[in-house]
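Both ligands and their constituent atoms are indexed starting at 1 by order of listing.
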Amino acid sequence: MLKPVFWLALILFSIHFGAQAEAIGGYAAGCQTQSRALPLSGEGFQVVRAERQRYYGQPELIDYLQGLGQRLNAAGLPPMLVADLARKHGGPFEYGHRSHQSGLDADIWLRAGNPALPEQDMVNHKLYVLNRHFTDNQRRLIALAAQDERVSRIFVHPLIKQAMCRAYGDAPWLGRLRPWYGHSGHFHVRLHCPAGHASCEPQHPVPAGTGCGSELASWINDKTGELYNGPRKPWKPLLPAACTQLLAQKEAP
Ligand SMILES: [Zn+2]
């Protein structure tokens, strides 16, 4: 009696996690099915370090980036340089950041220009001020990126959040800009779980308000994390069962 039920469950599982694009699990412990590759260049954007093959994402993320590129172009801004999205099937990177696992995260460099040159830090960490590379172009790029309703949050260096608060006052999307160390050469966009992605684990919503007051002040005043540059162990999270199966399958020769 149990056997047909088992097979039916297995078939439904395969259909469910195979045919349809889906972000599975959390941003830092997940994977993705039926991802799409962001074209290496298009209107208003260009992929950097394409050899890493981290330009895969859920259709919503690809659509978001292509739409943002078009809006940058329409605004007369230079093409954005898009760095890591996710691996084709998601999961943890061999090195680098912990998230970017479910096809809903993307790093965008703050500088524009030659994609072959390295990332440009916008912060003078010694004086703890933004440097001359951070201009109105960077502010407008981040503002356009943050205005999209699909965005859950964008991680930026605390000094960049401060600059955005100063430039945009009480714009409602400012709350999506979350201060986080290490985001002084790029910002990190994270989309909400798309509708219908039943296995996608959402992150808690950002706090109400712009986050420009006491929360930002505490980040600006406490530079402990900014100065810490210790070793980081490879991130080996406990993945959802569906991801363990998917990633093991794909890695087999
Ligand atoms: Zn990132």
Side-chain angles (χ1 to χ4, degrees), residues 23-32 35-38 40 45-58 60-66 68-69 80-112 115 118-123 125 134 138 141-146 148 150-161 164 173 176-194 200-204 206 211 219 225-226 228-229 232-237 239:
I24 301 170
Y27 300 96
C31 60
Q32 58 173 346
S35 64
R36 272 209 246 144
L38 179 67
L40 297 187
F45 74 90
Q46 190 153 6
V47 171
V48 293
R49 304 196 287 218
E51 70 284 357
R52 293 185 179 191
Q53 301 199 5
R54 292 175 171 181
Y55 43 70
Y56 294 94
Q58 285 297 295
E60 288 77 5
L61 182 66
I62 305 302
D63 185 65
Y64 164 82
L65 291 167
Q66 289 178 317
L68 179 57
M80 62 177 166
L81 299 176
V82 181
D84 290 350
L85 276 61
R87 298 195 300 168
K88 187 169 185 182
H89 305 289
F93 289 151
E94 309 78 18
Y95 56 93
H97 14 219
R98 293 182 170 189
S99 58
H100 292 261
Q101 293 197 28
S102 56
L104 298 172
D105 293 287
D107 286 340
I108 299 171
W109 281 5
L110 283 159
R111 76 162 178 86
E119 194 176 338
Q120 173 64 57
D121 200 326
M122 303 275 149
V123 170
H125 295 273
F134 193 85
Q138 279 67 36
L141 165 62
I142 297 169
L144 281 172
D148 195 306
R150 290 171 288 186
V151 172
S152 158
R153 60 197 77 215
I154 292 180
F155 299 105
V156 292
H157 189 276
L159 287 172
I160 294 178
K161 167 89 188 195
M164 296 300 289
W173 48 263
R176 294 187 191 129
L177 299 182
R178 307 296 299 153
W180 204 263
Y181 300 117
H183 292 83
S184 51
H186 71 273
F187 59 98
H188 174 144
V189 179
R190 173 167 297 168
L191 299 190
H192 288 293
C193 284
C200 180
E201 285 167 28
Q203 199 173 350
H204 58 84
V206 295
W219 277 89
E226 173 85 15
Y228 179 74
N229 210 4
R232 245 176 115 176
K233 288 180 194 155
W235 178 239
K236 292 202 161 57
L239 295 169

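- Take the N/O/S atoms of H188: the one nearest the Zn ion (ligand 1) is ND1.
- Y55 contributes no side-chain N or O that, together with a main-chain N or O of V48, makes up a donor-acceptor pair within less than 3.5 Å.
- Judged by distance alone, the side chain of H100 and the main-chain N or O of L85 form a donor-acceptor pair under 3.5 Å.
- Ion pair D63/R150 flagged as a salt bridge, since at least one NZ, NE, NH1 or NH2 atom sits closer than 4.0 Å to an Asp/Glu carboxylate oxygen.
- Closest approach between the Zn ion (ligand 1) and any N/O/S atom of D107 involves OD1.
- Checked by atom type and distance alone, the side chain of Q32 pairs as donor or acceptor with a backbone atom of R87 at under 3.5 Å.
- Among the backbone and side-chain atoms of H100, an N, O or S atom lies under 2.8 Å from the Zn ion (ligand 1).
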